[in-house]
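Take a look at the structure below.
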Amino acid sequence: MTGHVTKLKRAYDDPAGDDGWRVLVDRLWPRGVSRERAAIDDWAKEVAPSPELRTDWHHDPDRFDEFARRYRAELDDNPAVDALRAGLADHPVVTLVYGARDEQHNHAVVLRDYLEERW
């Protein structure tokens with residue numbers, strides 16, 4: 001992604017002027033965050049992990065590698081990824097916004113890496 005920056009940010013963190021295009025990548029809206037405060041430009045809920053995968057994983061860091069492998073397989077077969085990629089192409093800076101507490105072990109990390117590898 002030459003000349004392109006993809007950032008990650010929790011939905012509970014304040015938006016910043018350098019966030020660029022802010023895309024919520026969770027299937028559900030983050031609890032307790034108003035739409036105004038979130039300052040979301042787009043909601044790509046279709047690229048989030050399936051409810052079954054999210055439930056199976058249950059945000060267990062010890063199972064993150066397995067989760068990442070299964071999520072990548074879902075992304076391979078997900079037409080919503082192409083729509084997200086098209087939006088990324090239109091914006092030099094993109095922030096993928098997510099609600100998970102763990103900043104290292106979450107689906108947005110996997111999604112960012114997946115998109116960057118296939119850009």
Side-chain angles (χ1 to χ4, degrees):
M1 286 199 288
T2 306
H4 184 89
V5 177
T6 305
K7 302 177 179 186
L8 299 175
K9 188 176 261 190
R10 290 192 71 227
Y12 303 97
D13 295 337
D14 290 334
D18 63 351
D19 283 349
W21 188 49
R22 291 175 51 87
V23 182
L24 179 63
V25 292
D26 283 353
R27 194 168 296 278
L28 304 173
W29 191 266
R31 245 182 228 152
V33 177
S34 70
R35 293 185 189 267
E36 182 177 283
R37 179 173 174 254
I40 297 298
D41 298 308
D42 198 1
W43 187 3
K45 59 181 139 185
E46 300 84 14
V47 299
S50 67
E52 296 80 18
L53 178 55
R54 194 171 52 87
T55 301
D56 286 351
W57 175 42
H58 200 59
H59 298 279
D60 180 353
D62 293 335
R63 299 183 61 211
F64 185 70
D65 290 342
E66 174 193 351
F67 164 78
R69 180 187 54 74
R70 290 177 58 195
Y71 181 37
R72 285 172 173 273
E74 285 187 357
L75 292 170
D76 284 342
D77 295 329
N78 187 340
V81 172
D82 292 334
L84 179 58
R85 269 198 202 118
L88 294 174
D90 292 338
H91 300 88
V93 178
V94 176
T95 298
L96 302 180
V97 180
Y98 63 94
R101 287 186 185 126
D102 187 331
E103 294 182 17
Q104 280 82 41
H105 303 99
N106 65 67
H107 74 283
V109 170
V110 177
L111 178 59
R112 179 204 55 208
D113 294 349
Y114 180 91
L115 292 169
E116 287 180 351
E117 290 165 8
R118 287 159 176 77
W119 189 263

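No experiment lies behind these values; they were computed from the predicted model shown.
Both Leu111 and Val94 are assigned to one and the same hydrophobic cluster, defined by single-linkage of ILVMFWY side chains at heavy-atom distances under 4.5 Å.
Annotation for Ala38 and Val33: closest pair CB-CG1, 3.7 Å, computed over non-hydrogen atoms. The two residues Ser50 and Glu74 make their nearest non-hydrogen contact at OG-OE2, 2.6 Å. The two atoms that bring Thr95 and Leu8 nearest to each other are CG2-C, 4.2 Å, heavy atoms only. Of all the heavy atoms in Leu96 and Leu115, the pair that sits closest is CD1-CD1, 4.5 Å. The two atoms that bring Arg10 and Val97 nearest to each other are C-CG1, 4.2 Å, heavy atoms only. The heavy-atom pair separating Leu53 from Pro49 by the smallest distance is CD2-CB, 4.1 Å.
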Handout entry: Full working for side chain to side chain contact (heavy atoms under 4.5 Å, CB included) between Asp26 and His107
Key = CA-CA 9 Å; Asp26 283 353; His107 74 283; 2.7 Å; yes
Problem - side chain to side chain contact (heavy atoms under 4.5 Å, CB included) between Arg54 and Arg27, worked out - result: CA-CA 10 Å; Arg54 194 171 52 87; Arg27 194 168 296 278; 5.6 Å; no
Exercise for the section: Report the C-alpha distance between Val109 and Gln104 in whole Å, list the side-chain angles of each, state the deciding distance to 0.1 Å, and finish with yes or no for side chain to side chain contact (heavy atoms under 4.5 Å, CB included). Expected result: CA-CA 7 Å; Val109 170; Gln104 280 82 41; 5.8 Å; no
Practice task
Step by step, work out the side chain to side chain contact (heavy atoms under 4.5 Å, CB included) result for Asp113 and Arg72.
Solution key: CA-CA 10 Å; Asp113 294 349; Arg72 285 172 173 273; 3.7 Å; yes
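Among residues at least two apart or in separate chains, ring-ring contact (aromatic ring centres under 6.0 Å, His included) pairs with a member in residues 74-96 are Trp21-His91. Within the structure, the side chain to side chain donor-acceptor pair (under 3.5 Å) test picks out no pair touching residues 29-40 (sequence neighbours left out).
Under a 3.5 Å cut-off, the side chain of Arg63 and the backbone N or O of Asp56 do form a donor-acceptor pair. Within the 3.5 Å criterion, the main-chain N or O of Ala100 finds no donor-acceptor partner in the side chain of Asn106. Judged by distance alone, the side chain of Asp19 and the main-chain N or O of Arg22 form no donor-acceptor pair under 3.5 Å.
For Lys7, the salt bridge (Lys or Arg N to Asp or Glu O under 4.0 Å) partners at least two apart in sequence or on another chain are Asp18. In terms of the ring-ring contact (aromatic ring centres under 6.0 Å, His included) criterion, Tyr98 has no residue partners (sequence neighbours excluded). Shown here are the salt bridge (Lys or Arg N to Asp or Glu O under 4.0 Å) partners of Asp62, two or more places apart in sequence or in another chain: there are none. Residues passing the side chain to side chain donor-acceptor pair (under 3.5 Å) test with Asp14: none are found, sequence neighbours excluded.
In this structure, CG in Leu88 is found 9.0 Å from CZ in Arg85, a value given to the nearest 0.5 Å. For the atom pair OH (Tyr114) and CD (Glu116), the distance works out to 13.5 Å, reported to the nearest 0.5 Å.
A salt bridge links Arg70 with Glu66: at least one charged nitrogen is closer than 4.0 Å to a carboxylate oxygen.
Phe64 and Phe67 have tilted rings, their planes meeting at an angle from 30° to 60° on a 0 to 90° scale.
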